[in-house]
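This is the structure, below, for whatever I ask next.
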Amino acid sequence: MTMTEAPLPQLEACCSPVTREVLDVGAADELARTLKALADPARLRLLSMIGAHEDAEACVCDLTDPLGLSQPTVSHHLKVLTEAGFLTRSTRGRWAYYRLVDGALAQVAGLLAAP
């Protein structure tokens, strides 16, 4: 089994809540890249589906039909979310399983919320 995880430490290091101080260009770019990963209805549904799935983990094979998209499209969306640090990926046989990264969504929400 292999596991891939891309946590969000770069956001923590670069950005304080946007209402606390003015974001510099680099911090704004980093935060925008992270938010772009979330700014897609299919990706938001995938996060919701994975979080609500048994053990908060789901196989790509369990996500394709309910989402109504092809397997390559679902895999692309899952890759974007994994690279952005919202999901971890583990491989079992020929299938990939995805799990929410603990605290990743809360971290982004904390950057947007007033202190």
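Note that the coordinates shown come from a computational prediction; the quantities given were computed from them, not determined experimentally.
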Open item on the list: Once rounded to the nearest 0.5 Å, what's the spacing between atom CG of Leu35 and atom CD of Glu30?
Closed with: 10.5 Å
Open item on the list: Please determine whether side-chain contact (heavy atoms from CB on, under 4.5 Å) holds for the pair Leu81 and Tyr98, giving the CA-CA distance in whole Å, both sets of side-chain angles, and the decisive distance to 0.1 Å.
Closed with: CA-CA 10 Å; Leu81 290 167; Tyr98 294 86; over 6 Å; no
Open item on the list: Strictly below 4.0 Å, N to O, side chains only: are Glu83 and Lys36 in salt-bridge contact?
Closed with: no
Open item on the list: Working to the nearest 0.5 angstrom, can you tell me the gap between Leu78 CG and Leu46 CG?
Closed with: 5.0 Å
Open item on the list: Measuring from atom CG of Leu38 to atom CG of Leu105, what distance do you get when rounded to the nearest 0.5 angstrom?
Closed with: 6.5 Å
TODO: Mind checking the CG-CD spacing from Asp62 to Glu54? Nearest 0.5 Å is all I need.
DONE: 10.0 Å
Task: Short side-chain to backbone donor-acceptor contact, Ser48 and Leu44, under 3.5 Å - done: no
Open item on the list: Just by distance, no angles: are the side chains of Ser75 and Gln71 close enough, under 3.5 Å, to form a donor-acceptor pair?
Closed with: yes
Open item on the list: With heavy-atom distances below 4.5 Å as the criterion, would you say the side chains of His53 and Cys59 are in contact?
Closed with: no
Task: Nearest atoms (heavy-atom pairs only) where Ala58 meets Leu63 - done: CB-CD2, 3.9 Å
Open item on the list: Taking the cut-offs as 6.0 angstrom to the six-membered ring centre and 45 degrees off its axis, would you call Arg89 and Tyr97 a cation-pi pair?
Closed with: no
TODO: Using the side-chain contact (heavy atoms from CB on, under 4.5 Å) rule, take Leu47 and Phe86 through it: C-alpha gap first, then chi angles, then the decisive distance, then the call.
DONE: CA-CA 8 Å; Leu47 290 173; Phe86 294 105; 4.1 Å; yes
Open item on the list: List the residues meeting salt bridge (Lys or Arg N to Asp or Glu O under 4.0 Å) with Arg45, not counting sequence neighbours, and say none if there are none.
Closed with: none
Open item on the list: Looking at every heavy atom in both Ala42 and Leu69, which two are closest together, and how far apart are they?
Closed with: CB-CD1, 3.9 Å
Task: Minimal non-hydrogen separation, Gly26 against Asp24, with atom names - done: N-OD1, 3.1 Å
Open item on the list: Taking CG in Asp102 as the centre, count heavy atoms belonging to other residues, nucleotides or ligands within less than 6.0 Å. Is the count above 12?
Closed with: no
Task: Separation between CD1 of Ile50 and CZ of Arg99, rounded to the nearest 0.5 Å - done: 10.5 Å
Open item on the list: Holding to side chain to side chain contact (heavy atoms under 4.5 Å, CB included), I want the full list of residues that pass it with Val80, two or more places apart in sequence or in another chain.
Closed with: Ala37, Arg43, His76
- [ ] Identify the heavy atoms of Val74 and Thr64 that sit nearest to each other, and give their distance.
- [x] CG2-CA, 4.1 Å
